[in-house]
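Down below is the structure, laid out as structure tokens.
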Amino acid sequence: MRACICGCVRQVESQIEVLILQHPAEVNHVKGSARLLHLCLPRSAILVGERFTEEDLHPFFAQNPRTNVLLYPDFEGADSPSAQGFLADEKQSIRLVLLDASWRHSKQMLMHSPALQRIPRYALHQTPPSRYQIRHAYTQEQLSTLEACTYALMQLESPPDKFNALLQAFDAFNDLQISFGANKLLRAKK
């Protein structure tokens with residue numbers, strides 16, 4: 001059985017660019033939200049890989065120079081610079097960099113990519129519980145890629161309400177998958 005997520009897409013214009021670094025294990029995962037996020041945000045791109053060098057990232061970063069910010073949780077003892085301070089200036093041009101992977105894979109991607117370790121981090125705080133109905137989260141703080149990006153955009157760009165359309169797209173995505181039987185779906189070939 002095949003289902004198309006095109007009916008779930010709700011396009012949202014954002015001043016912030018989004019670069020999704022997707023682990024290869026997520027590319028054909030029908031329950032993944034990164035593809036839907038990319039379809040909803042015209043100013044987004046997806047790059048697939050497990051390790052990212054300066055050379056891998058340069059074409060995306062050089063195309064439109066911006067301040068790159070990695071959306072990733074704060075961990076005690078983390079050596080990465082924090083983006084919290086300089087993001088207060090709303091005039092900054094920002095590119096939000098996301099890791100689309102399981103928690104284990106995202107840690108490996110970060111650990112094996114010194115270029116990513118140098119990017120200032122932005123950590124989400126006080127987010128609502130996940131709306132993900134078709135995947136299991138181990139803690140309340142674990143969000144889908146689409147949800148994490150949405151809450152970051154809501155915190156970083158005004159007006160935040162315009163990003164509710166992304167959550168509506170995500171709800172439609174969940175409903176679609178449940179109606180087709182999430183475990184029976186195959187990603188339609190392009």
Side-chain angles (χ1 to χ4, degrees), residues 11-23 26 32-103 105-128 130 141-167 169-170:
Q11 286 221 329
V12 179
E13 290 295 329
S14 172
Q15 295 303 310
I16 295 173
E17 287 185 5
V18 174
L19 174 59
I20 304 163
L21 302 178
Q22 188 174 52
H23 191 278
E26 294 294 321
S33 65
R35 178 87 178 127
L36 178 62
L37 177 63
H38 174 58
L39 293 172
C40 289
L41 293 175
R43 297 174 64 115
S44 67
I46 297 179
L47 179 61
V48 177
E50 292 181 52
R51 298 169 190 241
F52 297 94
T53 65
E54 298 284 346
E55 292 78 26
D56 297 328
L57 299 172
H58 180 74
F60 294 94
F61 292 175
Q63 185 177 52
N64 187 7
R66 292 176 165 259
T67 300
N68 298 301
V69 177
L70 179 66
L71 181 62
Y72 206 80
D74 287 330
F75 292 111
E76 286 186 33
D79 291 333
S80 66
S82 172
Q84 307 297 112
F86 70 80
L87 290 178
D89 179 7
E90 291 184 28
K91 295 175 185 163
Q92 281 282 16
S93 295
I94 299 170
R95 179 180 298 106
L96 199 57
V97 180
L98 309 172
L99 300 182
D100 180 54
S102 67
W103 280 111
H105 284 148
S106 73
K107 288 177 186 175
Q108 290 172 354
M109 289 167 72
L110 187 57
M111 183 176 65
H112 296 299
S113 303
L116 293 178
Q117 294 171 23
R118 289 189 286 278
I119 298 174
R121 289 189 195 170
Y122 182 77
L124 293 173
H125 298 285
Q126 300 177 339
T127 58
S130 178
E141 294 80 31
Q142 291 179 333
L143 302 170
S144 69
T145 300
L146 186 144
E147 291 171 300
C149 182
T150 300
Y151 295 133
L153 291 172
M154 287 177 159
Q155 292 175 11
L156 297 170
E157 187 176 321
S158 294
D161 293 348
K162 73 179 177 180
F163 297 108
N164 284 331
L166 294 174
L167 296 176
F170 189 63

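The structure presented is a predicted model; accordingly, all values stated were derived computationally and were not measured.
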[X] side chain to [Y] main-chain N or O, any donor-acceptor pair under 3.5 Å?
X    : Y    : result
S44  : L41  : yes
Q11  : P42  : no
Q117 : L110 : yes
Q22  : G49  : no

(request) Decide, yes or no, whether a salt bridge links R118 with E54 under the criterion of side-chain N to carboxylate O below 4.0 Å. (result) yes
(request) Please determine, by modelled atom types, if S144 and E147 share a side-chain donor-acceptor pair under 3.5 angstrom. (result) yes
(request) Write out all pairs satisfying salt bridge (charged side-chain N to carboxylate O under 4.0 Å, His left out) with one or both partners inside residues 152-161, taking only residues at least two apart or from two chains. (result) E157-K162
Taking C-beta and beyond as the side chain, do [X] and [Y] meet within less than 4.5 Å on heavy atoms?
X    : Y    : answer
T145 : L37  : yes
R43  : V18  : no
Y151 : Q126 : no
F163 : S14  : yes
V97  : V69  : no

Rounded distance [0.5 Å steps], [atom1] in [X] versus [atom2] in [Y]:
X    : Y    : atom1 : atom2 : result
L21  : S106 : CG    : OG    : 11.5 Å
T150 : L167 : OG1   : CG    : 5.0 Å
D100 : C149 : CG    : SG    : 11.0 Å
I119 : R95  : CD1   : CZ    : 9.0 Å
E26  : S102 : CD    : OG    : 6.5 Å
L96  : L19  : CG    : CG    : 9.5 Å

(request) Measure the acute angle between the ring planes of H23 and H105, then classify it against the limits of 30° and 60° as parallel, tilted or perpendicular. (result) parallel
(message) Working note: L153 + L166, criterion side chain to side chain contact (heavy atoms under 4.5 Å, CB included); need CA distance, chi angles, decisive distance, verdict.
(response) CA-CA 10 Å; L153 291 172; L166 294 174; 4.1 Å; yes
Looking only at non-hydrogen atoms, find the nearest pair between [X] and [Y] and report the distance.
X    : Y    : result
M109 : L116 : O-CD1, 4.3 Å
F52  : S113 : N-OG, 2.9 Å
V12  : A165 : CG2-CB, 3.6 Å

Identify each donor-acceptor pair in which a side-chain atom of residues 56-65 lies under 3.5 Å from a protein atom, sequence neighbours left out, and give them as a table.
| from | atom 1 | to | atom 2 | distance (Å) |
| --- | --- | --- | --- | --- |
| D56 | OD2 | T53 | N | 2.9 |
| D56 | OD2 | T53 | OG1 | 3.2 |
| N64 | ND2 | E17 | OE2 | 2.5 |

(message) For a side chain to side chain contact (heavy atoms under 4.5 Å, CB included) check, start with the C-alpha distance between I20 and L99, then their side-chain angles and the critical distance, and finish with the verdict.
(response) CA-CA 6 Å; I20 304 163; L99 300 182; over 6 Å; no
